Each structure stands twice: as C-alpha cells, then as structure tokens.
There are 2 protein chains.
Amino acid sequence: MNIGSAAKAAGLPVKTVRYYADIGLVEAPDRTQTGYRRYDEAAVRKLAFVRRARDFGFSIEECRELLSLYEDKSRSSADVRAIAAAHLEEIEEKQRQLAALRDELAHLVTACRGDDRPDCPILDRLG
Amino acid sequence: MNIGSAAKAAGLPVKTVRYYADIGLVEAPDRTQTGYRRYDEAAVRKLAFVRRARDFGFSIEECRELLSLYEDKSRSSADVRAIAAAHLEEIEEKQRQLAALRDELAHLVTACRGDDRPDCPILDRLG
DNA sequence: CCTAATCTTTCCTGTAGCTGGAGAGTCAAG
DNA sequence: CTTGACTCTCCAGCTACAGGAAAGATTAGG
C-alpha cells in the first residue's frame with residue numbers, strides 16, 4: 001500500500017500522514033527500492049486511530065500516549081481514563097470561558113443599535 | 001514614555017507591543033535619538049483597546065478593523081456591529097462543536113470502569 | 001565619575017499541526 | 001513512448017506571540 005491509499009483508508013491527507021511519520025507518531029513499516037513508503041494494515045489502523053483521537057481534540061502528545069496504551073495489551077483502563085478525564089476537564093474549562101465571552105459579547109451586540117450613527121456601545125466598552 | 005511603561009499601562013507584555021508595531025497594528029509615534037520607541041497617550045489607548053478586543057477573542061485582523069472604526073469618528077455603528085455579530089456567530093459555532101465533543105467524551109469516561117483491567121470503552125471507540 | 005542593574009534594541013529561533021508549492025523521480029495505462 | 005497520476009525531499013508560511021543572545025542606553029547608588 002502506498003501512502004495515497006493508506007491516507008485515503010485512514011481518512012487523512014497525504015501530507016498529514018507524512019507529517020506523522022516525520023514526528024515519529026505513525027511510521028510506515030518500510031520503503032520500496034525507489035523510496036516509496038509502504039503502509040500495512042496495522043499502520044493504517046494506527047493512522048485512523050489517531051485521526052479519531054484528533055477529532056476528539058486530543059493533542060498530538062496525548063495521541064502518542066493513547067497510541068502506546070492502544071498498542072499495549074497489558075495496559076490498565078485507568079491510564080486511558082485518566083488521560084481522557086484530564087482532557088475532559090480542559091474542554092469544560094474552555095466551555096466556561098467561551099460561555100462567559102459569548103454572554104458579554106451578545107449583550108454588547110444587542111445593545112448596539114447598528115445604524116448609521118457613530119454611537120456604539122461595543123466600541124465604548126473596548127475603548 | 002518608553003515601551004516598558006506603555007506596555008505596563010496597556011496591560012501587555014513588551015514583546016507583544018513590539019510585535020504589534022512590527023505588523024503595523026499599533027505603531028509608536030516616533031523614536032528617540034538612540035532608537036528607543038516613544039509611546040504617547042493615544043498609542044497607549046490603542047494598545048489597551050486591542051488588548052481588550054483580544055480578550056474578547058477577536059483576531060488580529062478583526063482588531064485592525066475595529067481599531068480603524070474606533071479611530072473613525074464618522075463611522076456607523078452598523079459596521080462595528082457587523083464585525084461583532086460575525087464573531088459572535090463563530091463563538092457560538094465553536095460552542096456547539098465543543099458541547100458535542102464534551103458529551104461524547106464524558107459518556108466514554110463514564111462508561112470506562114477505570115480499573116486494572118485492559119478493557120476500555122474509550123480505546124474501543126477510538127480503535 | 002565609575003559601576004552595576006535595568007531597559008531597550010535587533011535578530012533568530014521555536015511553538016502546534018499542519019498546508020502549499022517547487023522540482024525531480026517513479027509508475028501504470030494506452 | 002508519452003502522458004498523467006503518484007511520490008519523493010526540502011523549503012516556506014500560517015497564528016500570535018515567547019525566549020534568548022549580543023549589544024547599546026539609561027539610571028541609581030556610592
């Protein structure tokens with residue numbers, strides 16, 4: 001399997017697959033005589049795993065940890081849960097901040113008449 | 001006023017103030033004979049304006065627009081409102097995505113026993 | 001007046017996670 | 001044999017700065 005097919009199978013851009021190899025996240029098993037990266041089923045599974053983890057907002061480093069746990073058959077589910085729970089905390093913190101932000105901004109947008117005149121509570125608040 | 005005092009007055013790191021000058025967002029009025037940037041009251045007000053707009057999550061480019069409206073006494077509040085409303089939309093979209101993400105992840109964390117055994121719904125879902 | 005500490009300057013590098021492009025080589029089909 | 005699709009490496013750029021080096025400027029203390 002060349003990189004193009006592997007990328008398509010994993011649902012990732014070719015560039016990204018190459019990037020993951022560069023940073024040592026998911027490396028292709030070997031190369032052809034002419035230097036083409038070959039990917040096997042196992043590598044494609046890892047790529048897809050990473051893609052889904054990234055969709056969940058896990059960082060590359062978190063993906064690296066999850067991947068090693070994914071590979072390690074003697075892992076404990078507690079390790080995985082700890083990573084996921086920490087990540088969940090981050091998400092919830094970001095949610096709180098975003099909510100506060102939204103409320104204040106929404107308030108300003110509502111207060112602004114949005115007409116031809118220069119009076120604007122939004123700018124007043126910022127200035 | 002040297003850059004240090006201006007930065008402190010505006011509540012920004014010196015590095016950031018210099019960066020804003022580099023990208024032409026808020027430039028210092030002039031330089032001393034020895035090359036020190038001088039900041040006056042007006043420049044400091046602009047810096048503080050940008051800081052607050054950044055706190056609201058406006059991008060640098062949005063800040064640039066807001067700043068020119070802030071400076072423009074013949075502006076219409078509709079222009080400002082349009083930028084803010086667009087930004088509000090972005091924030092709300094991000095909120096929706098984050099909420100969906102959180103729910104799914106929270107579900108997985110709840111489903112995971114988190115014990116010594118390798119069975120883990122989180123990895124099952126990702127793999 | 002000298003010195004040490006603090007401030008400021010420019011320039012270069014790095015961050016996260018890729019994305020785009022140039023230029024060159026490879027492969028499969030017709 | 002040619003054409004088009006694929007792949008390679010390397011380099012640059014994106015956001016919004018932060019860190020640090022080396023050198024000059026300024027200020028306070030003695």
Side-chain angles (χ1 to χ4, degrees), chain A residues 1-40 43-44 46-67 87 90-91 94 97 101, chain B residues 1-40 43-44 46-67 87 90-91 94 97 101:
Chain A
M1 227 174 176
N2 283 345
I3 196 171
S5 326
K8 180 172 284 187
L12 286 170
V14 170
K15 281 275 189 185
T16 301
V17 174
R18 221 176 263 128
Y19 173 70
Y20 286 169
D22 284 349
I23 63 173
L25 185 57
V26 179
E27 284 164 281
D30 57 348
R31 301 272 187 132
T32 66
Q33 283 189 333
T34 54
Y36 281 24
R37 292 172 181 81
R38 305 307 311 265
Y39 282 87
D40 59 13
V44 170
K46 288 198 215 176
L47 286 170
F49 177 90
V50 170
R51 180 180 65 74
R52 283 188 286 269
R54 294 284 300 134
D55 285 347
F56 269 96
F58 288 99
S59 72
I60 294 288
E61 286 314 307
E62 285 171 329
C63 286
R64 213 184 282 274
E65 294 180 57
L66 288 173
L67 205 48
H87 184 50
E90 286 173 29
I91 290 176
K94 190 171 288 182
Q97 290 182 2
L101 195 62
Chain B
M1 224 176 179
N2 283 345
I3 196 171
S5 326
K8 181 172 284 187
L12 286 170
V14 169
K15 282 274 189 185
T16 300
V17 174
R18 221 176 263 127
Y19 173 71
Y20 287 168
D22 284 349
I23 63 172
L25 184 57
V26 179
E27 282 163 281
D30 57 348
R31 302 272 187 131
T32 67
Q33 285 189 332
T34 54
Y36 281 25
R37 292 173 181 80
R38 306 307 310 267
Y39 282 87
D40 59 14
V44 170
K46 287 198 215 176
L47 286 170
F49 177 90
V50 171
R51 181 180 65 74
R52 282 187 286 268
R54 295 282 301 133
D55 284 347
F56 269 95
F58 287 99
S59 72
I60 294 287
E61 285 316 306
E62 285 169 330
C63 287
R64 213 185 283 275
E65 294 180 58
L66 289 173
L67 205 49
H87 183 52
E90 288 171 27
I91 290 176
K94 190 170 286 183
Q97 291 184 1
L101 197 62

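Just the heavy atoms: all of them, side chains too, but no hydrogens, waters or symmetry mates, feed the values below. If you're wondering where the values come from, they're calculated on a predicted model, not measured in any experiment.
- Under the side chain to side chain donor-acceptor pair (under 3.5 Å) criterion, the residue pairs touching residues 30-39 of chain B are B:T32-B:T34, with sequence neighbours excluded.
- Counting any heavy atom pair closer than 4.0 Å across all strands shown, A:R18 reaches a base atom.
- Here the range on DNA chain C touched by chain A, meaning any atom under 4.0 Å from one of its heavy atoms, is C:dG17 to C:dC27.
- Applying the side chain to side chain contact (heavy atoms under 4.5 Å, CB included) test to B:D55 and every residue at least two apart in sequence or in another chain returns B:R51.
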Table please: side-chain donor-acceptor pairs of residues 11-19 of chain A below 3.5 Å, with sequence neighbours left out.
none

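- Contacts with DNA chain D (heavy atom under 4.0 Å) in residues 50-64 of chain B: B:R54, B:S59, B:I60, listed by number.
- Judged by distance alone, the side chain of B:N2 and the main-chain N or O of B:S5 form no donor-acceptor pair under 3.5 Å.
- In this model, the phosphate group of D:dA16 is not approached by any side-chain N or O of B:Y20 to a distance below 4.0 Å at OP1 or OP2.
- Between D:dT26 and B:T34, a contact under 4.0 Å exists linking OP1 or OP2 to a side-chain N or O.
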Below 3.5 Å is the cut-off: list the nitrogen or oxygen pairs between protein and nucleotides 18-20 of chain D, distance only.
| residue | atom | partner | partner atom | Å |
| --- | --- | --- | --- | --- |
| D:dA18 | OP2 | B:T16 | OG1 | 2.8 |
| D:dG19 | N7 | B:K15 | NZ | 3.0 |
| D:dG19 | O6 | B:K15 | NZ | 3.1 |
| D:dG20 | O6 | B:K15 | NZ | 2.4 |

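- Nearer the 5' end of DNA chain D, as judged by each residue's closest nucleotide, is the contact made by A:G4, out of B:N2 and A:G4.
- In this structure, the CZ atom of B:R38 is 10 Å from the P atom of D:dT26, given to the nearest Å.
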